[in-house]
S.K.: 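Next up is a structure, given as structure tokens.
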Amino acid sequence: MNAQIKPIVATAGFDPLNAVLAKQRAAHQRQVPGYRQRIDDLERLRDRFKSRLDEFVAAMSADFGRRSRHESLLSDGMTVLAEIDHVRGHLRGWMRSKRGLADWLFWPATTAVRYQPLGVVGIIAPWNYPVNLALMPLAAAIGAGNHVMLKPSEHTPRTSELLKSLLAEVFPEDRVATVLGGVELAAAFTELPFDHLFFTGSTEVGKRVMAAAAKNLVPVTLELGGKSPAIIAPDYPLKTAVERIAAGKWLNAGQTCIATDYVLLERAQIPMFVEHMRDYVVQRYPDLANNPDYTSVINERQFQRLTGWIEEARSRGATVIELAAGDAARRILAPTLVLDAPDDCKLMQEELFGPVLPLVAVPSVPAAIDYVNARPRPLALYHFDHDAVRTESVLERTVAGGVTVNDTVLHFAQSKLPFGGVGPSGMGHYHAKESFLTFSKQKPVLYQARLSSMALMRPPYRTLANLLVKFLTR
Ligand code: NAP
């Protein structure tokens, strides 16, 4: 048996998963897809995805109960098409080996870094942007020449079925396979001896995924969540800050990993913040309960979680401000501000992942930095400030997965920026060139020359070796 072939570990009850993995690994060992093949793959994926985009928008809307068509087209349509285009446009350059001279001591040897597909990659996607978070990593993994097993979320069943159908139309099963199922299947999936496992989801499940992957020493990329703060400097135009926080927060009804989770601002700013936000919601979402631009909470469990946490905060003395009328029957939860929530209530401890926004009074920007630093490292951080020195101090003193200054969420959409969390908000990156690197082995190679300078350093060590050693350890 080839020493490089990983044994297929039996996973109780889910032998079909092992069978698919074995098929994909065999295909990988038969032939590594070259540049032309990868470009063809990406082009077919783009064409079929584009022609079925309306089906995806309808499926996501049905899965959520109601989902903004425009937001689906932008956040799950445009982003995926742009990522495929970005990979296509840069692939030739990314794939090229980087040749160079060896360090001078080893001249005339030369070196190269080669980029090799890892093999079979597992991708697990969550429900909140069910197309984006499945197809963006998938396009990158395919561009890097891998085979992919995808497990989308059971909470968006129509969208997951459609993903399976799309991918089966574009790829043979030994290149891309989609597996559908619940938590048991998800857990079995993480036990497979992949060459890499790419997981997007919550920090809690991320811990389980990493523990399962560790059994086979499968390397992981974990794109997780957390509480992402926004800090507003006292002299920053408040209306602008409110509008930009609102645009990122009410998008997908707050069910966005990098949505602002809470806002840090001076107490004197709070009344105007509330008024500006009320104006924003009234103007942007008239008749919210029947407004097609505002999305429902995904399911009853998530709706109950959010309303339960709001009620807990209210019962413990917080002020809850609902900015419009929602509709519980259709899981439409109105944009809600919460003031003075106790620090130990669920709203202030857990990632919100819904249209609820606590405002936290702090005396100054340095106090806001201390507040952030006393908590787990967030996936995103937003700072609103025109003072360059103060902005620099926030960037310097806080650690977050990514930052947008004077706006929210937009760093995610940049084709030149890597994306990923830090510590409890994740590990590893994708987007930009990092997508290619995440799914490639950077293989270093040294090419020795016919004549090797190393011949000067062989025993028995005499005068020349003494001189060389003396020089090298000077
Ligand atoms: P989740 O409960 O952690 O689920 C994520 C994925 O893991 C789903 O496909 C889920 O399957 C699967 N899963 C569930 N239990 C599992 C287990 N024991 N082993 C392996 N996989 C398992 O997260 P979610 O509620 O879908 O998504 C919300 C979370 O994801 C939030 O924390 C959010 O911040 C985070 N998120 C992060 C990013 C990012 O880019 N960093 C992006 C989006 C979301 P089922 O759904 O079928 O149960």
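Just so it is clear, the values below take in all heavy atoms, side chains as well, and ignore hydrogens, waters and symmetry mates. As the structure lists them, so they are numbered: ligands from 1, and atoms in each ligand from 1.
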S.K.: Using the rule side chain to side chain contact (heavy atoms under 4.5 Å, CB included), only one of Ile142, Thr221, Asn146 pairs with Val121; which is it?
M.R.: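 Option passing the side chain to side chain contact (heavy atoms under 4.5 Å, CB included) with Val121: Asn146.
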S.K.: Of the protein's non-hydrogen atoms, which lies at the shortest distance from atom 41 (N) of ligand 1, and what is that distance?
M.R.: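 Result: Leu224 O, 2.7 Å.
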S.K.: What residue and heavy atom of the protein are closest to atom 35 (C) of ligand 1, and at what distance?
M.R.: Gly201 O, 3.2 Å
S.K.: Using a 4.0 Å cut-off to any heavy atom of Asn128, which atoms of ligand 1 qualify?
M.R.: 43 (C), 44 (C)
S.K.: Output the list of atoms in ligand 1 that are nearer than 4.0 Å to some heavy atom of Val209, sorted by atom number.
M.R.: 20 (C)
S.K.: Please state whether Ala125 comes within less than 4.0 angstrom of ligand 1, counting heavy atoms only.
M.R.: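 Per 4.0 Å heavy-atom rule, Ala125 contacts ligand 1.
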S.K.: Charged N to carboxylate O under 4.0 angstrom, Asp63 versus Arg158?
M.R.: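 Salt bridge flag = yes for Arg158 with Asp63.
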S.K.: Report the nearest protein non-hydrogen atom to atom 21 (N) of ligand 1: residue, atom name, distance rounded to 0.1 Å.
M.R.: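 So the nearest neighbour among protein heavy atoms is Ala186 CB, 3.4 Å.
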S.K.: Check this for me, if you would: do Arg44 and Asp41 make a salt bridge, where the nitrogen-to-carboxylate-oxygen distance has to be below 4.0 angstrom?
M.R.: yes
S.K.: Distance only, no hydrogens: is a donor on one side chain within 3.5 Å (strictly under) of an acceptor on the other, for Asn290 and Arg330?
M.R.: yes
S.K.: Taking 4.0 angstrom as the limit and counting only heavy atoms of Leu133, give me the atoms of ligand 1 inside it, by number and element.
M.R.: 42 (C), 43 (C)
S.K.: Counting non-hydrogen protein atoms only, what is the nearest one to atom 25 (O) of ligand 1? Give residue, atom name and distance.
M.R.: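 Of the protein heavy atoms, Trp127 NE1, 3.0 Å lies nearest.
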S.K.: So, are Asp344 and Arg316 salt-bridged, with charged N and O less than 4.0 Å apart?
M.R.: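 Here Asp344 pairs with Arg316 in a salt bridge, since their nearest N and O are under 4.0 Å apart.
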S.K.: With a 4.0 Å cut-off, would you call Lys239 and Glu243 a salt bridge?
M.R.: yes
S.K.: Quick one: which of Gly226, Ser425, Gly181, Ser202 has a heavy atom closest to atom 1 (P) of ligand 1?
M.R.: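 Ranked by closest heavy atom to atom 1 (P) of ligand 1, first place is Ser202.
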S.K.: Given that the side chain starts at C-beta and the backbone is N, CA, C, O, which of these parts of Glu351 lies under 4.0 Å from ligand 1, counting heavy atoms, or is it both or neither?
M.R.: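 The answer is the side chain of Glu351.
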S.K.: For the pair Glu351 and Lys227, find out whether any cationic side-chain nitrogen is under 4.0 Å from an anionic carboxylate oxygen.
M.R.: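 A salt bridge is absent here (no side-chain N lies under 4.0 Å from a carboxylate O).
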S.K.: Is Phe199 in contact with ligand 1, taking contact as a heavy-atom separation below 4.0 Å?
M.R.: yes
S.K.: Does atom CZ of Arg305 have more than 12 heavy-atom neighbours, drawn from other residues, nucleotides or ligands, at distances under 6.0 Å?
M.R.: yes
S.K.: Can you tell me the protein heavy atom closest to atom 18 (N) of ligand 1 and the distance?
M.R.: Arg208 NH1, 3.6 Å
S.K.: Where does Thr203 meet ligand 1, judged by heavy-atom distances below 4.0 Å: at the side chain, the backbone, both, or neither?
M.R.: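 Looking at Thr203 and ligand 1, no heavy atom falls under 4.0 Å.
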S.K.: So if I count the atoms of ligand 1 from 1 in the order they appear, which ones are less than 4.0 Å from some heavy atom of Lys151?
M.R.: 9 (O), 11 (O), 45 (P), 47 (O)
S.K.: With a 4.0 Å cut-off on N to O distance, would you call Glu350 and Arg375 a salt bridge?
M.R.: no
S.K.: At under 4.0 Å between heavy atoms, which part of Phe189 makes contact with ligand 1: side chain, backbone, both or neither?
M.R.: neither
S.K.: For the residue pair Arg48 / Ser51, report whether a side-chain donor-acceptor contact shorter than 3.5 Å exists.
M.R.: yes
S.K.: Could you list the atoms of ligand 1 found under 4.0 angstrom from a heavy atom of His155?
M.R.: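 So the answer, numbered in order with elements, is 46 (O), 48 (O).
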S.K.: Within a distance under 4.0 Å of any heavy atom of Thr190, pick out the atoms of ligand 1 and give their elements.
M.R.: 20 (C)
S.K.: Nearest protein heavy atom to atom 12 (C) of ligand 1, by residue and atom, and its distance?
M.R.: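 Answer, as residue, atom name and distance: Ile124 CG2, 3.9 Å.
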S.K.: Please work out which of Val205, Thr256, Thr200 has its closest non-hydrogen atom nearest to atom 5 (C) of ligand 1.
M.R.: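 That would be Thr200.
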S.K.: Starting from atom 27 (O) of ligand 1, locate the nearest protein heavy atom and write down its residue, its atom name and how far away it is, to 0.1 Å.
M.R.: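 Residue, atom and distance for the closest contact: Pro126 CB, 3.5 Å.
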S.K.: Taking only heavy atoms of Gly225, which atoms of ligand 1 are found under 4.0 Å from at least one of them?
M.R.: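 Result: 32 (O), 34 (O).
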S.K.: Report the part of Glu154 in contact with ligand 1, treating N, CA, C, O as backbone and CB onward as side chain, heavy atoms under 4.0 Å; options are side chain, backbone, both, neither.
M.R.: both
S.K.: Check Lys164 with Glu161, please: is the shortest side-chain N to carboxylate O separation under 4.0 Å?
M.R.: no
S.K.: Are Asp195 and Lys441 close enough for a salt bridge, meaning some N to O gap below 4.0 Å?
M.R.: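 The answer is no: the pair does not qualify as a salt bridge.
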S.K.: Report the distance from atom CG of Leu306 to atom CZ of Arg301, rounding to the nearest 0.5 Å.
M.R.: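 With rounding to 0.5 Å, CG (Leu306) is 11.0 Å from CZ (Arg301).
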S.K.: Under 4.0 Å between a side-chain nitrogen and a carboxylate oxygen: does that hold for Arg88 and Asp85?
M.R.: yes
S.K.: To the nearest 0.1 Å, how far is atom 46 (O) of ligand 1 from its closest protein heavy atom, and which atom is that?
M.R.: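 Checking every protein heavy atom, the shortest distance to atom 46 (O) of ligand 1 gives Ser153 OG, 2.6 Å.
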S.K.: Which is closest to atom 42 (C) of ligand 1 in terms of heavy atoms, Gly122, Cys257, Pro137, Ala187?
M.R.: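 Comparing heavy atoms across Gly122, Cys257, Pro137, Ala187, the nearest one to atom 42 (C) of ligand 1 lies in Cys257.
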S.K.: Check for a donor-acceptor pair, side chain of Gln255 on one end and backbone N or O of Ser296 on the other, with a separation under 3.5 Å.
M.R.: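 At least one qualifying donor-acceptor pair exists.
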S.K.: Taking heavy atoms and a distance under 4.0 Å, where does Ile258 meet ligand 1: side chain, backbone, both or neither?
M.R.: neither
